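Beneath this line is the structure, given in structure tokens, with notes to follow.
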Number of protein chains: 2
Amino acid sequence: MATKRTQMMEMTRAKLIRTAREAFATKGYAAASMDDITAEAGLTRGALYHNFGGKKGLLQAVVDQIDAEMVARLMAAQQRAASPWEGLLEEGVAYIEMALEPEVQRIMLLDGPAVLGDPSQWPNQNACLLRTTQTIQALIDEGTVKPVDAEAAARLINGAALNAALWIAAADEPRAVLPKAVEAFRQLAAGLLQAER
Amino acid sequence: MATKRTQMMEMTRAKLIRTAREAFATKGYAAASMDDITAEAGLTRGALYHNFGGKKGLLQAVVDQIDAEMVARLMAAQQRAASPWEGLLEEGVAYIEMALEPEVQRIMLLDGPAVLGDPSQWPNQNACLLRTTQTIQALIDEGTVKPVDAEAAARLINGAALNAALWIAAADEPRAVLPKAVEAFRQLAAGLLQAER
DNA sequence: CTGAGTGACATACGTGTTGTATGTCAATAC
DNA sequence: GTATTGACATACAACACGTATGTCACTCAG
């Protein structure tokens, strides 16, 4: 049973995460001051330190939240696909599209790694990557994909999608280059396919 | 002809870049204080602001220096290869190997993008990427590679190599996963190859 | 019902860091 | 030989983070 106090605490945590997410996305982690964030949430730094241990802890919480949303969207994209192989491709495309959002870009792709270290160390990023790895392993087992190291392939696929997204986001006409990136991504990914006999 | 003053100035610039490069690589950009860097170089912050305009300017200078070194190494790797296609692969492998160095990782892959913005905006990173793009375009023209968008393909290739490098660097046994990553990279890149007739 | 205890959060303070404004001295120009 | 410029040092102000301490509401024995 949730007591009155823990309910309140959850609310303050949620409020801080929300305002921090906003501030980190727009101003960047370094330029976002804790005083501003807490004031915006109607609190002080005391609450922040009590709940998250510090500025990095708050960023970690924001990252975890966004990451959870991303995993959910990746799963949805994969399950929408007709075949496992198409599922992998759809997952890559979904990843590209998510990385177009300024919030994802700034927090997950720029500041997050710089402040918290390599994403492969984050508990949830592993979940996201693990999904791709498992998908690829399944494709290898069923003979669709060449017998390469599944984790290595997953890493490369994700990296390609990631960079494609960064490219698109920085482009003058994002909507114009998106299809080019998606097409090149599909071609590249086809390199993993078993040569048809 | 170089006057006495400009010679001195070049020396102080070089010294500051050297110590900053060291400090940024080991402690990270945020944790490296300008006082420490300048003191290590036997100077004060005055010199730093005069020559580089601020902390970001100093990082930019360090990034430019490292980037120039990387481009040189990429060119060397490509020219060592037997064929243009092998040149592209060698370039990717060289990129992976460079990203294994802590200095490159910390400064070029983590702090650089976070502080200076997306690498595609940097003047030199474009040179590095431009090389790959041109290589791919040449391969398309000669019929080795499928007719995809050359820049998109270059972006994806570089992104894959980049993430492979980050993965390797964060791994428990970097030397053990390196061959796996290289193998997967070659397979993936093969997706760009024109299907043999 | 009541008083001690605990937890959530606010307030106050010290330290370190950045950026700017001003000062100084050597090198060049006239 | 003096005036001026430019490279760098010093001094100062603003700010942000982290910690130490304080306060008040809620919980729970007795």
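Worth saying up front: this structure is predicted, and the values here are computed from it rather than measured. Residue numbers start from 1 in every chain, and the chains themselves are labelled A, B, ... in the order their sequence lines are given, proteins ahead of strands.
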- [ ] Tell me yes or no: between the side chains of E183(B) and Q187(B), is some donor less than 3.5 Å from an acceptor?
- [x] yes

TODO: Mind calculating the distance between CE (M11(A)) and C1' (dC9(C)) to the nearest angstrom?
DONE: 14 Å

TODO: Mind checking A32(B) for me? I need base, sugar-phosphate or nothing, with any heavy atom below 4.0 Å counting as a touch.
DONE: sugar-phosphate

- [ ] Kindly indicate whether the side chain of L166(B), heavy atoms from C-beta on, has any atom under 4.5 Å from the side chain of N163(B).
- [x] yes

TODO: Can you establish whether the number of heavy atoms outside K56(B) located under 6.0 Å from its atom NZ is more than 12?
DONE: no

Task: Atom-pair distance (NZ on K55(B); P on dG16(C)), nearest Å - done: 15 Å

Task: Any donor-acceptor N/O pair, K146(A) side chain to G191(A) backbone, under 3.5 Å - done: yes

Open item on the list: We want to know whether Q194(B) and T144(B) form a side-chain donor-acceptor pair, criterion being a heavy-atom distance below 3.5 angstrom.
Closed with: no

Open item on the list: Tell me the interatomic distance from R13(A), atom CZ, to dG7(C), atom P, rounded to whole angstroms.
Closed with: 16 Å

Open item on the list: What is the distance, to the nearest angstrom, from the CG atom on D35(B) to the P atom on dT18(C)?
Closed with: 7 Å

Task: Under 4.0 angstrom between T12(A) side-chain N/O and dC9(C) OP1 or OP2 - done: yes

Open item on the list: If you take any heavy atom closer than 4.0 Å to DNA chain D, which residues from residues 36-52 of chain B end up in contact?
Closed with: L43(B), T44(B), R45(B), G46(B), A47(B), H50(B), N51(B)

Task: Sub-4.5 Å side-chain heavy-atom contact between R13(A) and E10(A) - done: yes

- [ ] Let me know the distance between CG of L59(B) and C1' of dT18(C), rounded to the nearest Å.
- [x] 15 Å

